[in-house]
Amino acid sequence: MTIQGYWAFVNWDDDPATLFYTCLHRSNLVIKRVTSKRVTSGATKKMSRGQSSRTCVGKYELGRTLGEGTFAKVKFARNTQNGEAVAIKIIDRDKVLRHKMADQIKTEIKSMKLIKHPNVVQLHEVLASRTKIYMVIDFVDGGELFDKIVKQRHLTEDEARKYFQQLIDAIDYCHSRGVYHRDLKPENLLLDSHGVLKVSDFGLSALAYVREDGLLRTACGTPNYVAPEVLSDKGYDGRASDIWSCGVILFVLLAGYLPFEAAYLPDLYKKIHSAKFKSPHWFSSDVKMLIHQILDPNPKTRINIEQIKDDNWFRKNYQPPNFGKDKDVNLDDIDAIFENPEENLVTERRGRPEPMNAFSLISRSEGLNLDNLFEKQMKGLIKRETRFTSKCPPDEIMTKIEEAAAPLGFNAQKRNYKMKLKGDKSGRKGHLSVATELFEVAPSVHIVELRKTSGDTLEFHTFYNSFKEGLKDVVWKAEAITEEKDEAQASTPITEKKDRHQTSH
Amino acid sequence: MGCMNSKSFKHTPGYEEPSVLASETSFSVNEVEALYELFKKLSHSIFKDGLIHKEELQLALFRNSNRKNLFADRIFDLFDLKRNGVIEFGEFVRSLNIFHPDTPKLEKINFAFRLYDLRNTGFIEREELKEMVLALLNESDISLSDDMVESIVYKTFEQADSNGDGKIDLEEWKEFASQNPALLKNMTLPYLKDITMAFPSFVMKSEIEEDDL
């Protein structure tokens with residue numbers, strides 16, 4: 001493919017010079033916008049010479065450079081196996097070693113791995129050679145949210161709310177996985193071709209604060225989006241400080257300028273510490289109130305995510321994030337059974353539950369469950385399914401399941417000895433839905449299996465633990481469904497001061 | 001290449017080049033390097049000799065190195081291709097490849113058959129199946145009367161032993177497994193596709209040249 005071939009993918013902006021600056025991750029890696037002039041440099045030039053010299057990394061065919069920085073270069077690439085467009089962050093291994101960032105990079109890859117959310121740029125894969133590290137991430141081609149502000153001066157409340165809701169959904173999800181952004185600002189907020197917000201560089205904060213000269217620095221040279229407690233160099237709560245940054249972002253979206261600004265850095269710090277800002281006259285009183293609750297200099301009294309989600313201004317026209325069904329969950333026949341809505345109405349049960357054959361039974365041995373080899377090592381890996389055995393009659397078990405699920409806000413659809421439980425409240429990843437099936441091992445022993453079919457796995461665990469309480473009388477033996485969190489993301493989200501200093505003056 | 005020599009003492013006995021293993025399996029070279037990170041952890045959990053011993057497998061599967069389990073024994077025996085009582089790195093990668101989502105179903109069916117053919121006779125016999133059912137019930141703390149266990153085995157043979165000769169051969173197993181795809185669920189590990197992100201330590205150790213990626 002020639003350069004022209006690549007241009008076909010280019011989504012021309014009004015201004016060709018700002019071409020493809022969309023998926024630049026320049027903020028944290030100090031990557032600079034690449035203008036159209038540079039297209040003839042490096043690998044791109046190589047490609048234009050013909051097929052043979054095309055640069056490939058594994059199954060990815062590298063394209064033009066999207067951004068460049070001291071630590072990394074971001075290139076467009078195409079997965080040759082499925083044609084998917086991706087962006088690849090290319091990091092120099094020597095530089096990482098020289099700055100003793102190896103451990104940070106490893107930790108951050110692990111935490112990014114946990115994040116799969118429609119509003120967060122996802123890490124797909126990591127490749128490495130003797131000299132380079134390649135991080136394969138989503139290619140996002142709708143520009144930066146910031147460009148919109150530049151063009152429109154400021155957004156309407158409805159528009160700003162739409163993005164703010166997606167931002168909060170993304171932050172909430174990541175925080176629930178113990179991952180904090182620590183460098184939220186408009187440049188990290190990208191839009192895809194459908195205008196959906198994608199937060200980039202989650203979990204990559206380590207890369208953000210080290211310069212080529214090894215000095216630690218604040219993002220972008222100015223700490224306009226940084227919470228006061230972060231500036232004051234004490235340990236801080238990653239949750240609260242991310243929320244602060246969201247407040248600054250909301251302000252900027254609506255006002256078109258920063259709430260805290262000063263030509264001289266110490267003045268800026270002063271303003272941030274006292275949280276002194278003035279909202280423009282076009283802010284509604286509702287949004288003013290919300291912003292004031294967010295830009296509270298005391299992280300302990302600052303509004304939290306749940307409270308934001310309950311806020312009147314926030315809730316208007318709220319649409320939960322759009323998740324597909326979990327791709328890798330095998331639904332077997334459960335869904336087929338519920339496909340015909342009329343049949344769902346059938347409530348009486350006929351016959352007996354499905355008897356489990358011997359092979360089906362033995363295939364459930366923990367000794368054959370090699371996931372366990374990974375589970376201990378991959379701490380973030382969590383079970384999506386579980387089971388328990390019961391000595392009660394099958395009809396009683398089914399009734400009890402329904403009764404236990406109802407107070408938790410779950411509706412049951414049932415068909416013979418299969419049941420689908422659906423949460424009526426939308427969670428972090430949409431409605432939680434659980435498929436259950438009852439099997440007969442022997443007339444006196446039944447196994448009930450529960451599988452999460454959609455929704456958030458952590459919410460599934462919370463559900464299951466309360467659900468099991470309600471089933472006390474029927475459960476004979478239950479499998480443990482323990483949550484093992486990485487120590488690095490232990491329950492307390494306090495981040496020790498380590499990677500954040502300011503270059504004051 | 002000068003670095004070749006340094007490699008040999010750095011790696012454990014039974015180490016094989018990632019590029020060789022990648023060419024024989026569904027794994028990429030980087031994925032094999034990431035698997036090596038997992039292998040090192042597993043093979044150093046007790047004996048620290050870079051070979052996976054049975055106790056180390058039991059520890060990984062059950063968080064208990066003393067927990068004997070018929071199925072874990074079978075997995076160990078089948079992974080130990082050279083039958084020398086330990087799992088070497090090459091054996092580990094080649095065996096895990098069976099569990100790769102991209103591996104053809106037939107290979108998974110064959111592996112499961114060998115797993116359940118406890119005495120390696122080429123047939124799954126009634127006694128073997130009963131032994132496995134008892135092991136599973138024991139593992140799950142479920143006690144059933146002997147009659148009930150017999151009845152489970154009997155019913156299963158009615159379905160699987162289509163020629164009625166009292167043992168299940170490979171052809172019968174293929175047929176039965178195809179009709180009951182859920183039986184092979186544990187033969188696929190979706191996590192194998194995420195292995196590079198789960199064991200990212202390899203990024204600082206990769207020995208692959210750019211062109212070989």
Side-chain angles (χ1 to χ4, degrees), chain A residues 56-60 91 93 96-97 102 105-110 112-113 123-135 328 330 332 355-378 380-381 389 441-445 447 476-477 479, chain B residues 28 30 33 38 41-42 60-63 69-75 96 99 112 115-116 129 132-133 135-137 139-142 144 148 151-153 155-156 159-160 176-177 180-186 189-191 194 196-204 206-210 212-213:
Chain A
C56 275
V57 173
K59 61 181 177 221
Y60 301 96
I91 304 163
R93 195 164 97 175
V96 169
L97 280 175
I105 288 202
K106 280 183 245 166
T107 313
E108 296 191 358
I109 291 171
K110 278 191 186 177
M112 264 188 96
K113 182 197 170 297
L123 175 67
H124 297 273
E125 192 182 348
V126 186
L127 297 124
S129 72
R130 200 188 283 274
T131 53
K132 291 195 172 73
I133 300 166
Y134 300 89
M135 295 169 79
D328 39 357
N330 183 1
D332 293 338
M356 210 177 240
N357 73 57
F359 288 109
S360 174
L361 197 59
I362 61 183
S363 72
R364 283 163 168 83
S365 167
E366 278 305 292
L368 298 180
N369 182 5
L370 296 191
D371 274 347
N372 289 329
L373 297 183
F374 304 93
E375 224 147 314
K376 227 179 123 197
Q377 315 292 338
M378 295 163 88
L381 191 150
T389 51
V441 178
S444 58
V445 179
I447 288 184
W476 180 25
K477 301 268 161 54
E479 195 185 47
Chain B
S28 71
N30 279 157
E33 289 184 319
L38 168 62
K41 283 186 178 152
L42 296 174
L61 290 175
F62 305 111
R63 287 149 211 253
N69 177 288
L70 175 65
F71 302 103
D73 284 353
R74 290 302 294 159
I75 288 286
L96 275 184
F99 294 80
L115 198 61
Y116 298 146
L129 189 57
M132 291 188 281
V133 170
L136 185 278
L137 294 174
E139 173 191 326
S140 319
D141 281 326
I142 302 174
L144 290 183
M148 279 185 189
S151 135
I152 294 171
V153 173
K155 279 187 215 147
T156 305
Q159 297 166 42
F176 187 65
N180 299 277
L183 293 183
L184 297 172
K185 220 175 120 193
N186 58 2
L189 300 170
Y191 304 118
D194 287 344
T196 57
M197 292 186 286
F199 300 98
S201 302
F202 82 92
V203 299
M204 302 310 297
S206 179
E207 290 171 340
I208 300 161
E209 298 299 335
E210 277 302 280
D212 300 333
L213 263 179

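Order of the sequence lines fixes the chain letters, A, B, ..., with proteins taken first and strands second; residue numbering starts at 1 for each chain.
None of B:Glu207, B:Glu210, B:Glu209 except one satisfies the side chain to side chain donor-acceptor pair (under 3.5 Å) rule with A:Ser129; the exception is B:Glu210.
Between the OH atom in B:Tyr116 and the CG atom in A:Leu368 there is a gap of 5.0 Å [rounded to 0.5 Å]. Summarising the geometry, atom CG belonging to B:Asp141 is positioned 8.0 Å from atom CH2 belonging to A:Trp476; distances are rounded to the nearest 0.5 Å.
Of all non-hydrogen atoms in B:Leu38 and A:Phe374, the two that sit nearest each other are CD2-CE2, 3.4 Å. Nearest heavy atom pair, residue B:Ser206 against residue A:Ala128, reads OG-O, 3.1 Å.
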Item checked: From CA spacing to verdict: side chain to side chain contact (heavy atoms under 4.5 Å, CB included), B:Ile152, A:Asn357 -> CA-CA 7 Å; B:Ile152 294 171; A:Asn357 73 57; over 6 Å; no
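Counting heavy atoms from C-beta outward, B:Asn69 and A:Ser365 have side chains that approach closer than 4.5 Å. Using a 4.5 Å heavy-atom threshold, the side chains of B:Thr196 and A:Ile109 count as separate. Looking at heavy atoms from C-beta onward, B:Pro200 lies out of side-chain contact with A:Lys113 at the 4.5 angstrom threshold. The closest side-chain heavy-atom distance from B:Glu139 to A:Glu366 is below 4.5 Å. At a threshold of 4.5 Å between non-hydrogen side-chain atoms, the residues A:Leu361 and B:Met132 do not count as touching. By the 4.5 Å heavy-atom criterion applied to side chains, A:Asn369 and B:Asn186 are not counted as neighbours. At a threshold of 4.5 Å between non-hydrogen side-chain atoms, the residues B:Asn30 and A:Tyr134 do not count as touching.
Only the side chain of A:Val445 comes within contact range of chain B, with heavy atoms under 4.5 Å apart. Only the side chain of A:Ile133 comes within less than 4.5 Å of a heavy atom of chain B; its backbone N, CA, C and O stay farther away.
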